[in-house]
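A single structure is presented below for examination.
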Protein chains: 2
Amino acid sequence: MIRIFIVDDHQVVIDGISSILSEVEEIKIIGSALNGLEALRKLETESPDVLLLDINMPEMDGIQLVRALKEKGRTLNTLVLTMHNNPQFTKELIAEGVQGCVLKNAGKKDLILAITEVNNGGSFYSEAVTDSLKESLDKTQEAIDEVQLTKREVEIVKLIALENTTNEIAEKLSISAYTVDTHRKNIINKLGVKNLAGLVRFAFEKNLL
Amino acid sequence: MIRIFIVDDHQVVIDGISSILSEVEEIKIIGSALNGLEALRKLETESPDVLLLDINMPEMDGIQLVRALKEKGRTLNTLVLTMHNNPQFTKELIAEGVQGCVLKNAGKKDLILAITEVNNGGSFYSEAVTDSLKESLDKTQEAIDEVQLTKREVEIVKLIALENTTNEIAEKLSISAYTVDTHRKNIINKLGVKNLAGLVRFAFEKNLL
DNA sequence: AATAAAATACCGAGAATTAGGTATTTTCAT
DNA sequence: ATGAAAATACCTAATTCTCGGTATTTTATT
């Protein structure tokens, strides 16, 4: 018997998955949460075999939840449900030690397969996910590194996207406007975008916000 | 017996809803599609009582599909499934004559209620949806109209978000840079944002791109 | 301890955006 | 056909961003 806990901010998705999985004898859903905080609280008492996790959630997203659990010394077999197939994201998931990742547009067969696989201590990544990861890795490491922003750079990207000017950012971070300027310049170069608009666009496409 | 056709770009959602609804005797799912185009094609031969439609789809979104069906003279009882609760969107749905709207984080009770209601020629909007619509309508009409961008303005928002400068936009649209400047100014005022970054952000939040 | 990467800071010139207007022509719906 | 909304165009000044650099200090890793 595999005991599952679902975290997804959409009740329909929770109900739907519950419904799909209720057809499977070996799987039982022991609980669910509509957001990261609720999940954290409930998981203090519940102990599922597999955590089924939506990655796109408001407030506390999936990756943050995994990190929070890790900090608490709580390691669970985790299977991530994701909407979009973003290699950058996949890499983060693997880095965080998440065992599996299934696209939401996968079928129920894949879902059930992934759950049993993850429960057995294995890992499962949808073919589409690994494909796009491979493709991404096929590009020279150099090219990938180019798109890797540093912590500070990510911080600045966010502040820019939130309508702060260079001077405002400088004040908020207690650094010189010149420095912010340099960061912005480096970011634009790294991303290969043309201007601030492209930078903001990037912030949204990689859902940094 | 209510015959339903589901359109959603996530297979898991389709499976999930199918599974939920399979528990209900009077409801039967006769088909599904993963995107607008597929739906258009299949609906030429299928004739469901209720069309269950995801609103956030790539390529052809829900509203576009409703419009396309309308143009073909194909009017169906339509129930929209939406992710986010955006009053602007709700108004568009009502304007297009969509009979109902259920949030994805609604429970299955609401879903089933909505389907039967819509099938009976009635309409069903989740409480949360009507609430936010009411709240939105409570603001003065003036304030609401302020956030309504004109066709030209939307065009310019897109071009800005795609990294075009004022001069480039002027050239592409064969108008004066001064005019583009004026449009940008008006847009920033209407949206209540501070600068170009806020404008690009808006473009993504309202998924204009 | 040495090295690389990241973060910091500075300068100047040119390009683009922002804010403050005003004003005419088109388009569209009543 | 008339009025309102939309689209067009212009002007100036101030601010902000962009691009070309260079260079020092911190932080992290081997």
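Side chains included, hydrogens not; waters and symmetry mates left out as well; all remaining heavy atoms used. Residue numbers begin at 1 in each chain, while the letters A, B, ... track the order of the sequences.
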(request) Measure from NZ on A:Lys185 to P on C:dC11 and round the result to the nearest Å. (result)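 In whole Å, C:dC11 P lies 13 Å from A:Lys185 NZ.
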(request) State whether the distance check finds a donor on one side and an acceptor on the other, under 3.5 Å, for side chain B:Thr182 versus base D:dC10. (result)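 Answer yes: a donor N or O sits under 3.5 Å from an acceptor.
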(message) In this structure, how many angstroms lie between the P atom of D:dC17 and the CZ atom of B:Arg184, rounded?
(response)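 Distance check: B:Arg184 CZ to D:dC17 P gives 13 Å.
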(request) Could you say whether B:Ile188 or A:Thr179 is positioned toward the 5' end of DNA chain C, judged by the nucleotide with the nearest heavy atom to each? (result) A:Thr179
(request) Answer yes or no: is there a donor N or O on one side and an acceptor on the other, between the side chain of B:Arg201 and the main chain of A:Leu162, under 3.5 Å? (result)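 Checked: no pair found.
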(message) Could you check whether any side-chain N or O of A:Asn77 sits under 3.5 Å from a backbone N or O of A:Val50, counting only pairs where one atom can act as donor and the other as acceptor?
(response)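 No, because the side chain of A:Asn77 does not come within donor-acceptor range (under 3.5 Å) of the backbone of A:Val50.
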(message) Just N and O in the side chain of B:His183: are any of them under 4.0 Å from OP1 or OP2 of D:dT8?
(response)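 Result: yes.
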(request) Round to the nearest Å and state the distance from B:Glu163 atom CD to C:dA16 atom P. (result) 14 Å
(request) Take atom CD1 of B:Ile169 and atom P of C:dA16, then tell me their distance rounded to the nearest Å. (result)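 Nearest whole value for this atom pair: 12 Å.
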(message) Looking at A:Lys42 and A:Glu38, is any side-chain nitrogen of the basic one under 4.0 Å from a carboxylate oxygen of the acidic one?
(response)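 The answer is yes: the pair qualifies as a salt bridge.
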(request) Starting from P on D:dT15, measure out to NZ on B:Lys194 and report it in whole angstrom. (result)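 Nearest whole value for this atom pair: 14 Å.
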(message) Could you check whether any side-chain N or O of B:Asn164 sits under 3.5 Å from a backbone N or O of B:Leu159, counting only pairs where one atom can act as donor and the other as acceptor?
(response)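 Checking the backbone N and O of B:Leu159 against the side chain of B:Asn164, a donor-acceptor pair under 3.5 Å is found.
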(request) Report yes if a side-chain nitrogen or oxygen of B:Asn167 is closer than 4.0 Å to either non-bridging phosphate oxygen (OP1 or OP2) of C:dA16; otherwise report no. (result)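 It does, given that an N or O in the side chain of B:Asn167 lies less than 4.0 Å from OP1 or OP2 of C:dA16.
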(request) Specify the residue among B:Thr165 and A:Arg152 whose closest nucleotide of DNA chain C lies further upstream toward the 5′ end. (result) A:Arg152
(message) Ignoring hydrogens, what is the shortest heavy-atom contact between B:Val193 and B:Leu199? Give both atom names and the distance.
(response) CG2-N, 3.9 Å
(request) Please report, rounded to the nearest Å, how far the P atom of C:dT18 is from the CG atom of B:Leu191. (result)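 Rounding to the nearest Å, CG of B:Leu191 and P of C:dT18 are 12 Å apart.
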(message) How many whole angstroms separate atom CD1 of B:Ile160 from atom C1' of C:dT17?
(response)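 It is 10 Å, rounded to the nearest whole Å.
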(request) May I ask you to say what B:Asp181 touches in the nucleic acid, namely base, sugar-phosphate or nothing, with a heavy-atom cut-off under 4.0 Å? (result) base
(message) Tell me the interatomic distance from A:Tyr178, atom OH, to D:dT18, atom C1', rounded to whole angstroms.
(response)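 Answer to the nearest Å: 15 Å.
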